Amino acid sequence: MDQATQKKYNYWQWRTLILLMIGYMLFYFVRKNFSITMPALESELGVSKTKLGLFLTLNGIIYGVSRFINGFLADRVSRKKMMALGLLLSAVVNILIGLSPEMNGLFHFLDGSGKATAGMIIFIGSLWMINGYTQGMGYPPCGSLMAHWIKPSELAFKQSIWNSSHSIGAGLVAIICGSLILKPFGYEAWQWCFFVPAILSIAGAAMLFFGLKDTPASVGLPDPETIDENAPEKEVVVEDPKFTIMCYNKLVKEMVFKNKIIWIVAIANFFVYVLRFTILDWGATFLTQDRGLNISTASTVVAASELVGGIVGTLLAGWATDKFFKSKAHRTCLIGLAGATLCFFLFWLTPHSLNGLAVVWIIMASFFIYMPQALVGISLSNQATKRVAASANGLAGILGYASTAVSGLAFGAIADKLGWNSVFEVAIVIGIIGIILFATVWNAPANGYAKVEPIIEQVKAEFEATQKE
């Protein structure tokens, strides 16, 4: 690659990475704002933790299904259009939730005391389910675009940089929403926790649509693995669309559904997400109700756990994976989940008189949990290869977000009936199960590119045979 081409490639690679970071950060603005607003919804509208947990569960399950479906679509359609549309639709859903009290005259959403009627609860819950699907249009395009733009040997570190968008988005929206419901406004200002993120997200959708490109070829650049001496795969250039479909179908079957490593890492992702969502979705609630912090302090702690713990943990995980584990991301996943489980255990043991120390353990738990959260997708992209990276991550998505059946509905019901102490105990056991799963693939290779070329050659031979008939 000549110097001019290298300069152009670096520009487009970093432009794509930065736009994906901003875009996915905004997806979190119109998803995780709900978690920060939950104490206000409980206080102002009388929505119970069990119902709030049900909203989280249904949203998460539908999100997982959406990631699964859109994971397969993202390997075959315009990724930038999918991502921009998903963000725009999520913004519209958030605006409608914010406007729900204003619809009282039409639908009798509020009772005489100003609390939510069953109709309003169903309305908000239904919209949050829709948001689950539109949110699932965010991650698959990101995973696929990065696999198309970044060399396999650099993917762990550079995708971990992108993955910090999770923490930046969740942290900033916690600060924004926490500020909006501070005195003198209080919980009455909960609607603005939906309006403000939505307005920002509409602008972000336009940015994604006009700023991203789907492949290096669309701007006259070579594919990254062709200039990566560490990736054994060689491109087979066959223009016929029939070959492309045959190749995709074969690779999905062999590299995803029949790949034991993919299944183990994807199932382990379920246990990672239970711990992650226990902190992210319920953090503001259990810190106020179990630890006695006010909503402003609790939201600041959640923000710190994301911005400090999450970003540092994500970046360190990506760097360590490439530096010490030769891009074997699944090894770093094990270390991160073990650290997060230990910190959660220490948080559970810390007496209420030492809330400062308890806050430290929550931030450290986020630091560690973002290691596997960031690297599961990278591991799957490398194991499945860039050709079906989004499909593999779609499988992990449906399993990961099935975890909300536990972290959402189950934990909400447990907290209502048995208290937060029981929630923490179950979360610790779940972390231990995930550690065991990651340990079973410790010796797995860094990627699956060595398996791809023979499969492609086989498909090529089958394709040429059909052409001769």
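These numbers come from a predicted model, not from an experiment. When a residue number appears, it is its place in the shown sequence, counting from 1.
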Visitor: T297 side chain to L293 main-chain N or O, any donor-acceptor pair under 3.5 Å?
Guide: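 Side chain of T297 to backbone of L293: no pair is present.
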Visitor: Would you say K8 has more than 12 foreign heavy atoms packed within less than 6.0 Å of its NZ?
Guide: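 It does: K8 NZ has more than 12 such atoms within range.
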Visitor: Where does the angle between the aromatic ring planes of F194 and W128 fall among parallel (under 30°), tilted (30 to 60°) and perpendicular (over 60°)?
Guide: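 Perpendicular.
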Visitor: Would you please classify the geometry between the H166 ring and the Y370 ring as parallel, tilted or perpendicular, with 30° and 60° separating the classes?
Guide: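 Judged by the thresholds at 30° and 60°, the geometry between Y370 and H166 is perpendicular.
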Visitor: Determine whether a donor-acceptor pair (N or O, by modelled atom type, separation under 3.5 Å) exists between the side chain of S66 and the backbone of I62.
Guide: no
Visitor: Less than 3.5 Å apart, any donor N or O on the side chain of S90 or T134 sitting next to an acceptor on the other?
Guide: yes
Visitor: Would you say the side chains of S164 and T314 form a donor-acceptor pair under 3.5 Å?
Guide: no
Visitor: List the atom of L375, the atom of A317, and the distance in Å for their closest heavy-atom pair.
Guide: CD1-CB, 3.7 Å
Visitor: Show every ring pair (Phe, Tyr, Trp, His ring centres under 6.0 Å) that has at least one partner inside residues 304-338, sequence neighbours left out.
Guide: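 Every ring pair (Phe, Tyr, Trp, His ring centres under 6.0 Å) pair that includes a residue of residues 304-338, provided the two are not neighbours, is W319-F324.
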Visitor: Say whether, by atom type as modelled, one donor and one acceptor occur between the side chain of S299 and the main chain of G178 under 3.5 angstrom.
Guide: no
Visitor: Once you round to the nearest 0.5 Å, how far does OG of S366 lie from CD of Q373?
Guide: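 Those atoms lie 10.5 Å apart.
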Visitor: Judged by atom type as modelled, is there a donor-acceptor pair below 3.5 Å linking the side chain of R79 to the main-chain atoms of A74?
Guide: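 Flag set: sc R79 to bb A74 pair under 3.5 Å.
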Visitor: How close do I161 and L315 get, counting heavy atoms only, and between which atoms?
Guide: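 I161 and L315 have their closest heavy atoms at CA-CD2, 3.6 Å.
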Visitor: Taking R15 for its side chain and G211 for its backbone only, find out whether a donor-acceptor pair lies under 3.5 Å.
Guide: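 At least one qualifying donor-acceptor pair exists.
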Visitor: Taking the side chain from N382 and the backbone from G377, do they hold a donor-acceptor pair closer than 3.5 Å?
Guide: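 No, the answer is negative, given that no donor and acceptor are paired below the 3.5 Å cut-off.
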Visitor: Is the positively charged end of R276 above the ring of F271, judged by distance under 6.0 angstrom from the centroid and angle within 45° of the axis?
Guide: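 Relative to the ring axis of F271, which defines the angle, R276 lies outside at least one limit.
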Visitor: Determine whether the side chains of S218 and D214 contain a donor N or O and an acceptor N or O closer than 3.5 Å.
Guide: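 Looking only at side-chain atoms, D214 and S218 do not form any donor-acceptor pair under 3.5 Å.
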Visitor: Identify the heavy atoms of A405 and I61 that sit nearest to each other, and give their distance.
Guide: CB-CD1, 4.4 Å
Visitor: I want to check a possible cation-pi pair here: R331 against F438, using under 6.0 Å from ring centre and within 45° of the ring axis as the test.
Guide: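 Verdict for F438: no cation-pi partner in R331.
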Visitor: Tell me, with the steps shown, if S407 and T278 meet side-chain hydrogen bond (donor to acceptor under 3.5 Å, both in side chains).
Guide: CA-CA 6 Å; S407 65; T278 301; 5.6 Å; no
Visitor: Using only atom types and a distance under 3.5 Å, with no angle test, would you say the side chain of Q13 pairs donor to acceptor with the backbone of W149?
Guide: yes
Visitor: Under 6.0 Å from the ring centre and within 45 degrees of the ring axis: does the NZ or CZ of K81 meet both conditions for the six-membered ring of F209?
Guide: no
Visitor: How about F286 and F424: are their ring centroids closer than 6.0 Å?
Guide: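 Ring-ring flag for F286/F424: true, centres closer than 6.0 Å.
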Visitor: Is it the case that the ring center of W361 lies less than 6.0 angstrom away from the ring center of F344?
Guide: no
Visitor: Roughly how far apart are L337 CG and L342 CG, rounded to 0.5 Å?
Guide: 11.0 Å
Visitor: Please, which pairs that meet salt bridge (Lys or Arg N to Asp or Glu O under 4.0 Å) have at least one residue in residues 252-271, sequence neighbours excluded?
Guide: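 Non-adjacent pairs meeting salt bridge (Lys or Arg N to Asp or Glu O under 4.0 Å): K250-E254, E254-K258.
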Visitor: Compare every heavy atom of I202 with every heavy atom of A91, then report the nearest pair and how far apart it is.
Guide: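 Heavy atoms only, the tightest pair is CB-CG1, 3.7 Å.
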Visitor: Do K213 and T16 come within less than 4.5 Å of each other through their side chains, counting heavy atoms only?
Guide: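 The answer is no, as the side chains (C-beta and beyond) never meet within the 4.5 Å cut-off.
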Visitor: Is the backbone of A198 close enough, under 3.5 Å, to the side chain of N94 for a donor and an acceptor to pair up by distance?
Guide: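 Flag not set: sc N94 to bb A198 has no pair under 3.5 Å.
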Visitor: Counting only heavy atoms from other residues, nucleotides and ligands, does the tally under 6.0 Å from CH2 of W263 exceed 12?
Guide: no
Visitor: Considering residues, nucleotides and ligands other than K328, do more than 12 of their heavy atoms fall under 6.0 Å from its NZ?
Guide: yes
Visitor: Treating S379 as the side-chain partner and V376 as the backbone partner, does any N or O pair qualify as donor plus acceptor under 3.5 Å?
Guide: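 Not at all, since once roles are kept as given, no pair shorter than 3.5 Å links the two residues.
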Visitor: Shortest non-hydrogen contact from V272 to P372?
Guide: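 For V272 versus P372, the nearest heavy atoms are CG2-CB, 3.9 Å.
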Visitor: Identify the residue among F411, W282, F277 that makes a side chain to side chain contact (heavy atoms under 4.5 Å, CB included) with L56.
Guide: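 Testing each of F411, W282, F277 against L56, the sole residue satisfying side chain to side chain contact (heavy atoms under 4.5 Å, CB included) is W282.
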Visitor: Kindly give the heavy-atom pair with the smallest separation between P197 and N33, and that separation in Å.
Guide: CG-ND2, 4.2 Å
